[in-house]
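Just below is one structure, and these are the notes that go with it.
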Amino acid sequence: MTQQHTADPGPVEAGPTVAATGDEVFQVETHGIDPIPDEERHGGAKDLFWLWFGSNLTFTYVINGALAVSFGLSFWQATAPPSASVRTPRVHR
């Protein structure tokens with residue numbers, strides 16, 4: 001049998017760094033659960049608005065609102081009870 005020797009490739013370098021202007025799509029996360037250094041952070045609360053808006057706009061609210069309107073309530077009458085229940089703290093006894 002012949003023995004093949006392969007050269008040691010040496011240390012593997014990390015991929016290109018991401019600029020503070022945006023993320024690279026389909027790139028492996030290099031930090032994992034480590035804190036992100038301040039110079040690599042970007043974005044803010046206004047950038048997360050659509051993420052939170054979309055996650056809180058569930059089909060349940062849309063379907064219940066459509067049912068309330070189909071039963072003859074106006075848009076504002078159908079919107080008032082869920083809005084009031086969200087703002088009213090619950091008292092546990």
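Sequence positions, counted from 1, serve as the residue numbers for this chain. Here the structure is a predicted model, which means the values were calculated and not measured.
Residues near Ile36 contribute nothing to a hydrophobic cluster around it, because no ILVMFWY side-chain heavy atom sits closer than 4.5 Å to its side chain. If you chain together ILVMFWY residues whose side-chain heavy atoms come under 4.5 Å of each other, Val69 ends up in a group of its own.
Residues passing the side-chain contact (heavy atoms from CB on, under 4.5 Å) test with Pro37 are His31, Glu39, Glu40, sequence neighbours excluded. Applying the salt bridge (charged side-chain N to carboxylate O under 4.0 Å, His left out) test to Asp38 and every residue at least two apart in sequence or in another chain returns Arg41. Partners of Phe53 according to the ring pair (Phe, Tyr, Trp, His ring centres under 6.0 Å) rule, which considers only residues two or more places apart in sequence or in another chain, are Phe49, Trp50. Remark: Trp76 engages no residue in a ring pair (Phe, Tyr, Trp, His ring centres under 6.0 Å) (not counting sequence neighbours).
Closest approach of Ala68 to Ala78, counting heavy atoms only: CB-CB, 3.6 Å.
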